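What follows is one structure encoded as structure tokens, with my remarks underneath.
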Amino acid sequence: MNPSLSELQEQATQAIAGADDLNALDQVRVSYLGKKGAIKALLKQTGALAPEERRPFGQAVNALRDAVTTELEARKATLQAQAEAARLEAGWLDVTLPADTPRVGKEHPITGLLREVTDHFHGLGFTVASGPEIEDAFHNFDALNIPANHPARDVWDTFYTEEGGIPRTHTSSVQIRTLEKATLPLRIIAPGKCFRNETIDATHLAAFNQCEGLFIDKNVTVGHLKATLEGLVERLMGYKVPTRFRPAFYPFVEPGLDLDIECIFCKGSGCSICKHSGWIEVIPCGMVHPNVLRACGHDPEEWNGFAFGMGFDRMVMLRYGIDDLRRLYDGNLELVRGL
Ligand code: PHE
């Protein structure tokens with residue numbers, strides 16, 4: 001090799017080895033391979049050479065350029081690895097941090113609780129019944145001992161469709177649908193959507209879920225009702241939560257009752273959620289009114305039973321400690337505590 005070329009190569013090798021960061025190395029690259037660099041300058045000399053010298057000289061310069069390029073790349077890789085190692089050393093990136101967990105779909109809490117309620121009642125010999133969401137006045141009201149013009153109809157803040165249908169105000173209509181066709185005895189639950197013209201707030205929705213229960217047999221007592229519902233509440237809340245029954249009025253039951261559980265938020269001492277009473281109402285219920293059995297063609301002298309209508313969303317709230325019902329219909333359920 002032309003002595004000046006080998007000298008140049010020697011210099012380049014040293015300069016490359018001496019560059020101790022990526023910026024310095026880039027300057028070395030520019031000074032040899034750049035437009036105004038030493039190697040370009042050599043190529044410009046080619047024209048001044050004797051014709052037979054041009055070709056070998058050109059080849060030697062190209063070889064030099066390739067060699068310098070290779071050395072630059074190798075040095076660059078080394079410097080990059082060193083920089084990365086230094087960054088790790090300085091703790092910029094903690095490789096022991098757990099990786100982001102992939103987002104996986106989950107069962108909606110309403111679906112989950114429904115599955116549990118169904119499972120619980122299957123164990124007690126109940127089956128699941130259903131009925132239409134748009135009802136007629138007979139199934140939603142009349143047969144439930146709520147005649148037209150009875151003031152009790154107002155309690156249910158009813159919507160009407162343009163065709164005069166009633167988006168059912170409660171799942172009690174399924175009691176009628178089932179009793180009309182049933183041979184007794186009978187044990188059913190009927191979960192489903194209901195609709196009321198409610199102002200929406202933390203504890204009220206205009207479209208909500210209920211789970212109706214109906215047990216008809218001979219010589220059924222309030223004791224059966226009490227044991228069944230206390231067992232349900234214990235199963236759903238996961239502990240033997242204190243309960244109480246209060247008298248209440250629903251035209252389709254007599255006596256009518258409301259089952260309260262001790263407030264899960266304050267454990268009975270009184271808080272804003274239980275309106276400082278220490279109790280939360282969870283399940284309206286009662287002994288089926290004889291008129292209901294009669295309206296469906298059954299003899300109330302022979303058969304009797306109990307019914308309940310659990311506010312399902314409310315139960316989900318209590319079970320998971322959710323303080324606002326609207327969150328159940330929010331896309332971002334992950335923010336809900338306990339899920
Ligand atoms: N259907 C009643 C309501 O929605 C609840 C209920 C059901 C009460 C069954 C008693 C028995 O208000």
Side-chain angles (χ1 to χ4, degrees), residues 108-110 112-114 116-117 119-121 124 152 154-157 169-172 189 191 194 196 198-213 215 221-287 306-330 333 335-339:
H108 193 281
I110 291 182
L113 199 73
L114 180 56
E116 247 178 87
V117 170
D119 181 60
H120 180 76
F121 278 105
L124 298 175
D154 298 345
V155 176
W156 279 278
D157 301 311
T169 59
H170 49 189
T171 44
S172 297
I189 56 166
C194 304
R196 286 184 202 173
E198 298 270 11
T199 305
I200 294 167
D201 63 23
T203 54
H204 295 91
L205 298 172
F208 56 98
N209 293 281
Q210 273 193 347
C211 181
E212 195 79 6
F215 182 109
T221 69
V222 174
H224 295 116
L225 163 67
K226 197 164 175 278
T228 305
L229 294 187
E230 282 174 352
L232 172 65
V233 165
E234 183 176 342
R235 163 82 187 259
L236 296 185
M237 299 309 294
Y239 67 106
K240 210 166 172 35
V241 47
T243 53
R244 72 175 186 187
F245 286 85
R246 278 181 298 115
F249 173 71
Y250 302 97
F252 33 93
V253 285
E254 179 57 39
L257 302 164
D258 278 332
L259 168 59
D260 296 348
I261 64 172
E262 186 186 80
C263 177
I264 57 153
F265 296 99
C266 64
K267 293 279 178 280
S269 60
C271 66
S272 61
I273 295 180
C274 61
K275 300 200 183 78
H276 303 282
S277 70
W279 297 92
I280 296 183
E281 185 190 315
V282 284
I283 313 184
C285 53
M287 303 305 286
F306 65 78
F308 61 88
M310 171 165 57
F312 206 78
D313 311 79
R314 169 81 67 94
M315 207 65 214
V316 173
M317 254 177 120
L318 295 175
R319 160 68 180 269
Y320 294 105
I322 300 167
D323 57 7
D324 190 326
L325 268 187
R326 291 167 289 193
R327 311 211 49 179
L328 289 173
Y329 297 91
D330 186 331
L333 262 175
L335 294 176
V336 175
R337 181 156 66 92
L339 297 181

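All heavy atoms count here, side chains included; hydrogens, waters and symmetry mates do not. This is a predicted model, so every value here is computed, not measured. Residue numbers count from 1 along this sequence.
- The structure places CD1 of I273 at 8.5 Å from SG of C266, a figure rounded to the nearest 0.5 Å.
- Without hydrogens or angle criteria, E262 side chain to V241 main chain gives no donor-acceptor distance under 3.5 Å.
- Contact record, V253 with C285: CG2-O, 4.0 Å, taken as the closest heavy-atom pair.
- Closest non-hydrogen pair, F265 versus C271, comes out as CB-SG, 4.1 Å.
- The distance from atom CZ of F306 to atom OG1 of T228, rounded to the nearest 0.5 Å, is 3.5 Å.
- With sequence neighbours excluded, no residue forms a ring pair (Phe, Tyr, Trp, His ring centres under 6.0 Å) with Y250.
- Side chains of C194 and T171 form a contact here, defined as non-hydrogen atoms less than 4.5 Å apart.
- Here the closest non-hydrogen pair linking L205 and R326 is CD2-CG, 3.9 Å.
- Annotation: side chain of D157 is not in contact with side chain of T169 (no heavy-atom distance under 4.5 Å).
- Nearest heavy atoms, V117 versus C211: CG1-SG, 4.2 Å.
- Just one of L325, L114, L328 meets the side chain to side chain contact (heavy atoms under 4.5 Å, CB included) condition when paired with V316; it is L328.
- Rounded to the nearest 0.5 Å, atoms OG1 (T203) and CG (D323) are 11.0 Å apart.
- E234 CD to Y239 OH: the interatomic distance, rounded to the nearest 0.5 Å, is 10.5 Å.
- Rounding to the nearest 0.5 Å gives a distance of 6.5 Å between CG of L232 and CE of M315.
- You'll find the side chain of M310 reaches within 4.5 Å of the side chain of L236, heavy atoms only.
- At least one side-chain heavy atom of L257 sits under 4.5 Å from a side-chain heavy atom of L225.
- Among residue pairs with one or both ends in residues 265-283, those qualifying as salt bridge (charged side-chain N to carboxylate O under 4.0 Å, His left out) are R246-E281; sequence neighbours excluded.
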Begin from the C-alpha positions of H204 and T199 and carry the test side chain to side chain contact (heavy atoms under 4.5 Å, CB included) through to its verdict. CA-CA 7 Å; H204 295 91; T199 305; over 6 Å; no
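- With M317 as the fixed residue, the side chain to side chain contact (heavy atoms under 4.5 Å, CB included) test singles out one of I280, V282, I322: I322.
- Among all heavy-atom pairs drawn from I283 and F308, the shortest one is CG2-CB, 3.7 Å.
- Inter-residue side-chain proximity for P284 and D258 is flagged as met; some heavy-atom pair is nearer than 4.5 Å.
- Ring geometry for H108 against Y329 counts as tilted: the plane angle lies between 30° and 60°, on a 0 to 90° scale.
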One pair to check against side chain to side chain contact (heavy atoms under 4.5 Å, CB included): R327 and Y320. What are the steps and the verdict? CA-CA 12 Å; R327 311 211 49 179; Y320 294 105; over 6 Å; no
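- Here the closest heavy-atom approach between residue F208 and residue R196 is recorded as CZ-NE, 3.5 Å.
- One distance of note links CE of M237 with CZ of R319; it measures 8.0 Å at 0.5 Å rounding.
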